[in-house]
Amino acid sequence: MKELAKNALAAKDFLATVTTEQKNRALSAIASALRNDAQSIISENKKDLEKGREAGLSQGMLDRLMLDSGRIEDIALAVENVARLSDPCGVVLDEIKRPNGLVIKKVSVPIGVIGIIYESRPNVTADAAVLCLKSSNAVILRGGKEAICSNTAIAASMRGALSGCGFDPNCIQLVTDTSRESANQMMQMSGVIDCLIPRGGKGLIKSVVENSTVPVIETGSGNCHIYVDESADIDMAANIIFNAKTQRIGVCNACESLVIHSGIIKKALPAIKARLDEKNVEIRGDERAQAACRGVLPASEEDFGTEYLDYIISVKTVDSLDEAVRHINKYSTRHSEAIITQNEKNAAEFLQRVDSSSVYVNASTRFTDGGEFGLGAEIGISTQKLHARGPMGLRELTTVKYLIYGEGQIR
């Protein structure tokens with residue numbers, strides 16, 4: 001870890017000297033390298049998948065872990081999208097001329113060295129690295145043991161591309177020690193790592209937030225809700241919920257919890273269940289949900305707060321929008337929530353009162369994603385409120401510096 005720290009500080013200094021054009025050429029080289037190395041990356045990924053199956057990883061976790069040619073092409077496209085975005089560094093955010101003649105400019109600058117501790121998803125290795133590179137931050141990546149072969153192959157591909165462009169390859173570093181001790185060491189690297197971002201399950205995030213001496217941007221798990229209002233279009237609701245729950249079950253923006261108004265539940269829930277039955281989704285509901293639709297299993301209190309990452313969904317019956325909002329704010333992880341409604345007043349109230357990073361009207365929660373928000377890729381979904389909230393892209397990886405120009409002024 002000491003060697004990684006030394007390399008990261010040198011890489012940070014190197015990145016302070018490179019131009020936007022040089023960064024974009026490096027990103028283009030990374031995209032090409034990932035495509036060229038796709039088969040070797042997939043081969044390494046198969047080793048991780050096999051170990052994951054032997055370890056009993058859930059279907060959702062295996063889905064997060066899996067890479068194929070299509071997903072690698074998506075990663076490469078995301079890299080190219082980041083290259084096309086404006087450089088977030090060096091932007092004059094404000095300029096003030098004081099009465100004494102001083103000119104003060106507030107300018108965006110890199111944070112410095114970013115640490116990422118994450119689990120399961122090897123695409124994070126590429127997404128995080130290229131966002132940090134474009135924002136002129138050195139990055140230290142520490143993935144989980146379940147994806148170590150995949151992560152090593154992706155990092156090697158990117159570092160090779162950087163070397164070929166005359167870049168310091170240590171702009172991107174991967175911690176190959178997946179023991180808990182390596183994560184603990186990263187949490188104590190204040191003075192080297194300027195910001196630590198955890199991505200993964202509730203346990204990982206809690207551990208980093210509670211034990212790190214490095215400033216942390218908290219990314220959250222996703223107990224995402226969809227509220228079916230009394231005025232909802234039932235076909236629209238069924239289609240949105242089917243997409244939000246089943247398109248990918250192992251992601252943080254998948255819908256895990258339904259809230260349905262009692263005035264529509266007898267019509268809406270059977271239609272929703274018919275769609276979810278196509279993917280054999282298990283529905284766990286309260287007593288009124290069970291009475292409204294055959295085949296709904298009893299829900300416990302714990303179900304309403306669970307991020308399943310599986311073909312399971314909970315249902316809570318409510319009698320008003322107010323009750324729906326209070327239920328969501330109680331059990332939500334502050335990630336993404338949606339309302340299905342034809343009532344503009346209810347939509348406006350839902351948007352205002354629900355305390356989550358991303359709140360939708362008549363759309364799937366699956367859109368909470370850096371690429372879908374036009375950010376090119378994402379470093380994570382922040383569920384906190386300081387500095388960054390929601391999908392984090394290039395702008396969230398910068399801070400500010402004040403530049404003051406004088407002509408001999410003294411105070």
Side-chain angles (χ1 to χ4, degrees), residues 23-24 27 31 64 70-71 73-89 91 93 108 110-111 114 116 118 121 123-135 137 139 195 197-200 205 217-226 240-241 243-245 247-248 250-256 307 328 332-340 347-348 350-352 354-399:
K23 290 189 287 187
N24 288 342
L27 290 168
R64 283 189 175 204
R71 287 189 178 180
E73 176 61 21
D74 287 343
I75 292 171
L77 288 172
V79 176
E80 292 171 338
N81 287 338
V82 170
R84 285 190 286 268
L85 295 173
S86 299
D87 193 328
C89 301
V91 178
L93 304 171
S108 60
I111 290 174
I114 307 291
I116 316 285
Y118 57 105
R121 296 179 64 178
N123 66 292
V124 174
T125 303
D127 288 351
V130 300
L131 285 169
C132 287
L133 184 66
K134 182 65 180 265
S135 55
N137 292 288
V139 66
C195 177
I197 303 172
R199 286 193 62 173
I205 294 165
I217 296 178
E218 183 176 353
T219 64
S221 55
N223 180 25
C224 302
H225 294 74
I226 294 179
I240 288 173
I241 291 164
N243 172 264
K245 178 69 245 183
Q247 195 221 13
R248 285 190 69 181
V251 291
C252 60
N253 57 17
C255 175
E256 305 285 18
E307 181 188 28
I328 290 170
S332 170
T333 55
R334 308 291 184 256
H335 193 294
S336 300
E337 329 295 343
I339 181 174
I340 314 301
F350 189 87
L351 292 173
Q352 183 175 7
V354 168
D355 187 19
S356 294
S357 77
S358 302
V359 189
Y360 295 81
V361 175
N362 296 331
S364 171
T365 57
R366 285 284 288 117
F367 286 105
T368 305
D369 172 87
E372 294 293 338
F373 277 25
L375 307 180
E378 71 182 38
I379 206 82
I381 309 292
S382 171
T383 55
Q384 65 177 31
K385 298 183 181 181
L386 298 180
H387 172 63
R389 196 180 193 195
M392 296 170 55
L394 294 172
R395 184 179 300 175
E396 288 72 31
L397 294 177
T398 63
T399 183

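Counting begins at 1 with the first residue of the sequence.
For the side-chain contact (heavy atoms from CB on, under 4.5 Å) with Met392, the qualifying choice from Ile217, Leu131, Ile381 is Ile217, the only one to do so.
Pairing each heavy atom of Leu394 with each of Pro88, the nearest pair is CB-CG, 3.7 Å. Of all the heavy atoms in Arg366 and Ala244, the pair that sits closest is CG-CA, 3.8 Å. Contact record, Glu218 with Gln384: N-OE1, 3.0 Å, taken as the closest heavy-atom pair. Ala338 and Thr365 make their closest contact through CB-CG2, 4.1 Å (heavy atoms, listed as atom of the first residue, atom of the second, distance). Summarising the geometry of Gly393 relative to Leu375, their closest heavy-atom pair is N-CD1, 3.8 Å, with the distance given to 0.1 Å.
Taking CD1 from Ile114 and SG from Cys132, the interatomic distance works out to 5.5 Å, rounded to the nearest 0.5 Å. To the nearest 0.5 angstrom, Arg199 atom CZ is 8.5 Å from Ile116 atom CD1. The line from CG of Leu133 to CG of Leu27 is 5.0 Å long, rounded to the nearest 0.5 Å. With rounding to the nearest 0.5 angstrom, the CD1 atom of Ile197 is 6.5 Å from the CD1 atom of Ile111. Atom SG of Cys195 sits about 9.0 Å away from atom CD1 of Ile379, to the nearest 0.5 Å. For the atom pair CD1 (Ile240) and CG (Asn362), the distance works out to 5.5 Å, reported to the nearest 0.5 Å.
The closest side-chain heavy-atom distance from Thr125 to Tyr118 is below 4.5 Å. Val361 has its side chain out of reach of Phe350: every pair of non-hydrogen atoms, C-beta onward, lies at least 4.5 Å apart. Contact of the Arg334 side chain with the Lys385 side chain is not registered, since no non-hydrogen atoms from C-beta on lie closer than 4.5 Å. Annotation: side chain of Ser356 is not in contact with side chain of Cys224 (no heavy-atom distance under 4.5 Å).
With Lys23 contributing its side chain and Asp87 its backbone, the two residues share no donor-acceptor pair below 3.5 Å. Side-chain atoms of Asn137 come within 3.5 Å of backbone N or O of Leu397 as a donor-acceptor pair. A donor-acceptor pair under 3.5 Å links the side-chain atoms of Tyr360 to the main chain of Thr368, judged by distance alone. Looking only at distances, no side-chain donor or acceptor of Lys134 sits under 3.5 Å from a matching main-chain atom of Asn24. A donor-acceptor distance shorter than 3.5 angstrom exists from the side chain of Thr333 to the backbone of Asn223, with no hydrogens or angles considered. Without hydrogens or angle criteria, Glu256 side chain to Glu307 main chain gives no donor-acceptor distance under 3.5 Å. The backbone N or O of His335 sits less than 3.5 Å from a side-chain atom of Ser357, completing a donor-acceptor pair. Of the possible donor and acceptor atoms, none in the side chain of Glu378 sits under 3.5 Å from a partner among the backbone N and O of Pro391.
Between Arg389 and Asp355 a salt bridge is recorded (basic side-chain N to carboxylate O distance below 4.0 Å).
Annotation for Leu93: atom CG counts as buried by contact number, over 12 foreign heavy atoms lying within 6.0 Å.
The closest side-chain donor-acceptor pair between Ser382 and Glu396, if any, does not fall under 3.5 angstrom. Counting only N and O atoms by type, the side chains of Thr398 and Ser108 include no donor and acceptor under 3.5 Å apart.
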